[in-house]
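This report refers to the structure that appears directly beneath it.
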Amino acid sequence: MSVSVIIKWGGQEYSISSLSEEDTVMDLKQSIKTLTGVLPERQKLLGLKVKGKPAEDEVKLGSLKLKPNTKIMMMGTREESLEEVLAPPPENDDVVNDFDIEEEVIEVENREENLAKIARRVKDYKVEEMNPPREGKGLLVLDVDYTLFDHKSCAETGQELMRPYLHEFLTSAYEDYDIVIWSATSMKWIDAKMKVKPLGVIWGKYGEFYNRKNTIMFDDIGRNFLMNPQNGLKIRPFMKAHLNREKDRELYKLAQYLKEIAKLDDFSGLNHKHWERYLSKRQHH
Ligand code: MG
C-alpha cells in the first residue's frame with residue numbers, strides 16, 4: 001500500500017506519494033529533505049505520533065494509520081545559508097588572509113539563526129560533567145585530534161601518540177582553569193554542517209562561571225573558532241608523532257602562557273595569535 005502525505009513548510013505544501021507502508025519515518029524525512037533541503041535531523045514533524053509521543057525514525061509509516069493526503073506540518077531550517085558562509089573550508093588555513101576570515105567571522109557570529117541554534121543547544125545539550133565548575137577559575141576548552149593526540153599515525157600504544165607534556169600541561173592548567181574537552185566526535189549533536197565549536201553553548205549553560213572574558217579554546221583548526229574568534233588559540237597540529245615527539249614543546253609553552261594570562265581579569269584584550277610574543281615579553285621582564 002502506498003502512503004501519501006502533504007508536508008506544510010515555509011508557507012508551502014509539498015506532496016509526497018512515493019512512499020509505502022513499509023517505509024519508515026526516516027524514509028519520509030529523506031523525501032522531505034529532497035523537496036525542501038532541510039536535513040532529516042533538523043526536521044520536526046508535527047502530528048506524527050505514536051501513543052501520544054513523536055514517532056521515532058524507525059517507525060513504519062503503515063503503523064501510523066495515516067489517512068491519504070494527511071497534512072503534516074514540518075518545522076526545521078535549511079542549512080544552506082550557514083553552509084554558504086562557512087564553506088568551502090580553506091585548503092590551507094595559513095594561506096588565507098586573516099582579515100578575510102575576521103570579516104566572515106563577525107557575520108557568522110551574529111547571524112540570528114546561529115544564535116537561535118545555540119540557544120536551543122544550550123537547552124538540549126547534556127554536558128558530561130566530571131567535576132563541578134569551580135568558582136573563580138577560567139575555562140580552557142581543548143580539541144583532541146592533532147591538539148592533544150596525533151590520532152592518525154600508527155602506534156603500539158596510545159601513549160606514543162600523546163602529545164609531549166600532556167600530563168604536565170593538564171595538571172598545570174587545572175590549577176587555574178576548569179577544562180572542557182570538546183572533540184569533533186562529541187559534536188554529533190551539532191549539525192554536521194556546522195563544523196564550528198560555538199562557545200555560546202557553554203556560556204549559556206554555565207553563565208555564572210564562564211564567559212568571553214575568562215574562556216580560551218585551543219584547536220588546530222581555525223575554522224572551529226568562527227563563532228568566537230577572540231577566544232580561540234590556534235595550536236600547531238601535532239602530527240607524525242614518531243617524528244615529532246622529541247621536538248614538540250607546544251604544550252609545555254602553552255602551559256606557561258595559560259599561567260601568565262590567568263593573572264588577568266579579562267582575556268578579551270588579548271590576541272592569542274601572538275601568544276608566543278606575549279609569553280616571551282613577560283618572561284624577559
Ligand atoms: Mg583537531
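Read the numbers this way: they start at 1 and go in the same order the structure lists the ligands and their atoms.
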Item to check | Side-chain donor-acceptor contact under 3.5 Å, Gln283 with Gln256 | outcome: yes
Item to check | Pair His272-Tyr278, side-chain donor/acceptor within less than 3.5 Å | outcome: no
Please give the atom name: the N, O or S atom of [X] nearest to the Mg ion (ligand 1).
X      : result
Asp143 : OD2
Asp220 : OD1
Asp145 : O

Item to check | Side-chain donor/acceptor of Asn211 to backbone N/O of Asn214, under 3.5 Å | outcome: yes
Item to check | Backbone or side-chain N/O/S of Asp219 under 2.8 Å of the Mg ion (ligand 1) | outcome: no
Next on the checklist: Here's a test for you: under side chain to side chain contact (heavy atoms under 4.5 Å, CB included), which of Ile179, Leu199, Asn228, Ile181 qualifies with Val141?
Outcome noted: Leu199
